[in-house]
Amino acid sequence: MRDVLQVPQRAMAGMARGRADVKSRKNLVTTTVLVLVTVGGFFYFYSQNSDSSSSVEYGAKSLSHTGLGGDKDDGVSSSTLVGGEVIAVPKSIPVCDDRLSELIPCLDRNLIYQTRLKLDLSLMEHYERHCPTPDRRFNCLIPPPPGYKVPVKWPKSRDQVWKANIPHTHLATEKSDQNWMVVKGETIVFPGGGTHFHNGADKYIASIANMLNFPNNNINNGGRVRSVLDVGCGVASFGGYLLSSNVIAMSLAPNDVHQNQIQFALERGIPAYLGVLGTQRLPYPSRSFELAHCSRCRIDWLQRDGLLLLELDRLLRPGGYFAYSSPEAYAQDEEDRRIWREMSALVERMCWKIAAKKDQTVIWVKPLTNSCYLKRLPGTKPPLCRSDDDPDAVLGVKMKACISRYSDQMHKAKGSGLAPWPARLTTPPPRLAEIHYSTEMFEKDMEVWKQRVHNYWSKLASKIKPDTIRNVMDMKANLGSFAAALKDKDVWVMNVVPENEQKNLKIIYDRGLIGTVHNWCEAFSTYPRTYDLLHAWTVFSDIIKKECSPEDLLIEIDRILRPKGFIIIHDKRSMVEYIKKYLSALHWNAVTIYDVDQGKDDDDDEVVLIIQKKMWLTSESIKVSE
């Protein structure tokens, strides 16, 4: 018989304390007295609130889960020593209110309202990241929606998902004439349409390739087009249909009035990210994409001296394309014609040229070298960026209304110098020298991760089938060799690099992979339950060095991970032992644990722990899915 856990609301609120504020309690918490007080506090806390009339009476909403084996919630904590600090480990972690089932902590509109942040709505600042302070965090487990099921497997998921997993059908009604999505019984079906391509993304993609005279109307152009940025992507059908051509898109959209579009994209198994062209640079390095795409994305490209278009310019490679499908490209009313004239003048000053124009779509192409920039008349706007501007610095950096010139290497090479896909994945890119890596170091990194991934998968073999895993995140990606080692698997990888290693991200993009910059002291910009596998290589040791809360990170991992998904933790033995103490509270199962080869100095005393998240639902759901 399944165990049922009732979680009073006050217990949930109590967990919203500021565990990330390590500095203020570091010395005190190491004393035995505080540990005893903490333990006693848990007893008092639960005894005072378990029968409170103000608590949420979940009743039928209480926690149910499969295979927990009789976990008992007695509120007792244990303690452990991590990084020289004694940390209390709770016996249980409360479940959040059902209303938080889609919580994205750093993109939470309620937080903006409650804290009364002064934001400029015209600049889209309300769609940018605004993270809660430690005392405002919901340190509780995010529940799935009622009736949640294990997601439909790829490739079938490209075309349909379970309605219960994302119970929002407003886009099906609002976009009914554009074939975005259709509700059919217990599923939501995606016919492949979009605002501009009602007849299907596949035909639209072929038409773009045809306009550019690519061989066989194949958008990958013999492997020379690999990485695409789709701005205002909707439910990411454009990106989903690019995959069959060996082209990967970073499908980008904000958490706006179509707030579930990225959630649908990820549920479908399509690479996607929550972001907006607002005031901050997008979290991608310069020269990352061969093609940028905007299909009726409702962006005013002329605002702020062309600032947003200049951000695309920063991201496009030499000779990169911008495919723009919008009324301004073809309509004849006076306002559209005015916008077209001004936009044409702007891109001309940016040294872009029209590569093709047909019906409702225009495609511009960037220059291959700096020559055009240097020939412009003095005082021409937009200006070139200052020589000391780093076009690859993105985290917390404002967008700039200037043109990022190419490096000397790119200028001389008359292009990016990248090999076509798939050779690009394993060929040392020219920009490797910019991060002080040699070809030998690059090749060694590939060898190491190829062996590590082989070991990971051999340990997972009894738990997974070829279609079990689709959405993967490497939480500390270095050069992207973990993702490269998965090239024969039917998966895609979000490669995340820390803020102090953000220069590495351009190597990841130069290999034909995608990723972003992130500080794991904060929540990631994604919906709950969006990844099947998370790989955490020394991420927890890094968190301790930053004096952030490893417990907060564990709860964030649980938020991101799908039920029945996996976590691979590769870290110091002391960190792994600490994490093991949380397995019961998080409702996670240890699949296996093994020592890393001690023959390598850099692997000294490192351990791999592979974990699977259990399937649990609030018992408001009709049944618990396996």
Side-chain angles (χ1 to χ4, degrees), residues 205 208-209 212 214-216 218-230 239 242-251 270-271 284-293 314-321 365-366 368 391-392 406-407 409-450 453 472 474 477-497 501-516:
I205 291 167
I208 291 175
L212 292 170
F214 288 170
N216 303 314
N218 192 327
I219 195 67
N220 73 23
N221 191 26
R224 286 178 286 277
V225 173
R226 165 63 181 174
S227 305
V228 171
L229 176 65
D230 187 17
L242 284 172
L243 291 167
S244 61
S245 298
N246 282 321
V247 173
I248 190 166
M250 178 65 80
S251 296
I270 300 170
Y284 319 124
S286 67
R287 323 304 173 218
S288 293
F289 303 97
E290 279 89 24
L291 172 69
H293 173 255
R314 181 184 70 86
L315 296 173
L316 283 173
R317 301 195 197 276
Y321 301 98
V365 62
K366 278 190 63 175
L368 289 169
D392 300 323
Y406 302 134
S407 66
Q409 176 269 321
M410 285 188 180
H411 175 70
K412 292 175 182 177
K414 298 184 178 180
S416 61
L418 299 175
W421 180 267
R424 182 179 299 187
L425 184 65
T426 54
T427 302
R431 291 200 284 183
L432 198 61
E434 295 180 18
I435 65 166
H436 309 294
Y437 261 75
S438 66
T439 296
E440 292 74 18
M441 294 165 68
F442 177 82
E443 292 173 347
K444 178 64 175 176
D445 188 69
M446 282 197 296
E447 290 176 12
V448 167
W449 282 107
K450 184 177 180 180
V453 168
V472 178
D474 190 0
N478 195 29
L479 302 181
S481 292
F482 168 84
L486 293 171
K487 62 181 173 57
D488 295 327
K489 312 291 184 186
D490 207 0
V491 304
W492 68 272
V493 182
M494 179 66 77
N495 293 279
V496 182
V497 300
E501 297 178 9
Q502 57 185 309
K503 284 186 176 294
N504 289 11
L505 191 55
K506 60 187 169 187
I507 305 304
I508 289 170
Y509 274 92
D510 285 355
R511 300 180 72 176
L513 304 169
I514 61 171
T516 188

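Since this is a predicted model, take the numbers as computed values, not measurements. Residue indices begin at 1 and follow the sequence shown.
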Walk me through it: do Ile507 and Leu432 pass the test side chain to side chain contact (heavy atoms under 4.5 Å, CB included)?
CA-CA 7 Å; Ile507 305 304; Leu432 198 61; 4.1 Å; yes
Run Tyr406 and Arg287 through side chain to side chain contact (heavy atoms under 4.5 Å, CB included) and show every step you take.
CA-CA 9 Å; Tyr406 302 134; Arg287 323 304 173 218; 3.5 Å; yes
Would you please test Val472 and Trp492 for side chain to side chain contact (heavy atoms under 4.5 Å, CB included) and show each step?
CA-CA 6 Å; Val472 178; Trp492 68 272; over 6 Å; no
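Between Leu243 and Pro271 the shortest heavy-atom distance is CD1-CD, 4.3 Å. Nearest approach of Leu418 to Pro430, heavy atoms of both residues: CD2-CD, 3.9 Å. The nearest pair of heavy atoms linking Ala484 to Leu513 is N-CD1, 4.4 Å. Nearest heavy atoms, Asp474 versus Phe482: OD2-CB, 3.2 Å. Residue Gly319 comes nearest to Val365 through the heavy atom pair O-CG2, 3.5 Å, listed as atom of the first residue, atom of the second, then distance.
Taken to the nearest 0.5 Å, the CE atom of Met446 stands 13.0 Å off from the CE atom of Met441. Rounded to the nearest 0.5 Å, atoms CG (Leu505) and CG (Asp392) are 9.0 Å apart. Atom CD1 in Ile508 sits 10.5 Å away from atom CD1 in Ile514 (nearest 0.5 Å).
Under the rule for a side-chain hydrogen bond (donor to acceptor under 3.5 Å, both in side chains), Thr516 has no partner lying at least two apart in sequence or in another chain. Remark: Trp449 engages no residue in a side-chain hydrogen bond (donor to acceptor under 3.5 Å, both in side chains) (not counting sequence neighbours). By the salt bridge (charged side-chain N to carboxylate O under 4.0 Å, His left out) test, Glu434 pairs with Lys506, sequence neighbours left out. Considering only residues two or more places apart in sequence or on other chains, Asp510 meets the salt bridge (charged side-chain N to carboxylate O under 4.0 Å, His left out) condition with Arg317, Arg431.
In this structure the side chain of Leu229 reaches within 4.5 angstrom of the side chain of Tyr284, judged on heavy atoms. Within the 4.5 Å cutoff, no side-chain heavy atoms of Ser251 are placed close to those of Val228. A 4.5 Å side-chain heavy-atom check between Val225 and Phe214 finds at least one atom pair inside the cut-off. Put simply, the side chain of Ser286 does not reach to within 4.5 Å of the side chain of Leu315, judged on heavy atoms. With contacts defined as side-chain heavy-atom distances shorter than 4.5 Å, the pair Ser227/Leu291 does not qualify. Inter-residue side-chain proximity for Tyr437 and Pro428 is flagged as unmet; no heavy-atom pair is nearer than 4.5 Å. Annotation: side chain of Ile208 is not in contact with side chain of Tyr321 (no heavy-atom distance under 4.5 Å).
Among Leu242, Ile248, Asn220, the one residue that satisfies the side chain to side chain contact (heavy atoms under 4.5 Å, CB included) test with Arg226 is Ile248.
The side chain to side chain donor-acceptor pair (under 3.5 Å) contacts involving residues 413-429 comprise Glu290-Arg424, where partners must be two or more places apart or lie in separate chains. Contacts classified as side chain to side chain donor-acceptor pair (under 3.5 Å) and involving residues 477-488 (residues at least two apart or in different chains) are given here: Asp445-Asn478, Asp445-Ser481, Asn478-Asn504, Ser481-Arg511.
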